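Please read the structure below before turning to the comments.
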Amino acid sequence: QYPTGGSSTNPFL
Amino acid sequence: DTPWVVKPEEKMKFDSIFESLGPAGGILTGDKVKPVLLNSKLPVDILGRVWELSDLDRDGMLDKDEFSVAMYLVYRALEGEPVPMSLPPPLVPPSKR
């Protein structure tokens, strides 16, 4: 669905 | 149709928090929401999952309904309920089904 790792849309990652 | 688990009273409370954070164009960016969630003192990995579940369109911002989902999950987590790995259908805002 969406790329795992380095998701830039999540401010907590 | 499944009723949304966020009750109208809760929605009103979450909406007023949302408005107090100064949404631009009806949405809050991640950097505005982040300190609020961090305020809950929940572990960052839990908050990261809360974000994953609530940012339904994955644009890095939360609208009012997405914010309510995030707040709902944070409040439940503070009551000791585990944050689910995926969003249960009753938690998906009716506007996004």
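Throughout, a chain's letter reflects where its sequence line sits, starting with A, and its residues are numbered from 1. This one's a predicted model, so the numbers in the text were calculated from it and none came from an experiment.
Neither the backbone nor the side chain of B:Asp45 comes within contact range of chain A, judged by heavy atoms closer than 4.5 Å.
Hydrophobic clustering, with ILVMFWY side chains joined whenever heavy atoms are under 4.5 angstrom apart, keeps B:Ile27 apart from B:Val69. Taking hydrophobic clusters as Ile, Leu, Val, Met, Phe, Trp and Tyr residues chained together by side-chain heavy-atom distances below 4.5 Å, B:Val36 shares a cluster with B:Leu28. In the hydrophobic cluster analysis, where Ile, Leu, Val, Met, Phe, Trp and Tyr join through side-chain heavy atoms closer than 4.5 angstrom, B:Met61 is grouped apart from B:Leu87. Hydrophobic cluster membership differs between B:Leu73 and A:Leu13, with clusters built from Ile, Leu, Val, Met, Phe, Trp and Tyr side chains linked at under 4.5 angstrom.
In terms of modelled atom types and a separation under 3.5 Å, the side chain of B:Trp51 and the main chain of A:Thr9 share a donor-acceptor contact.
A:Phe12 pairs in a side chain to side chain contact (heavy atoms under 4.5 Å, CB included) with only one of the listed residues (B:Val33, B:Val50, B:Ile46, B:Leu38), which is B:Leu38.
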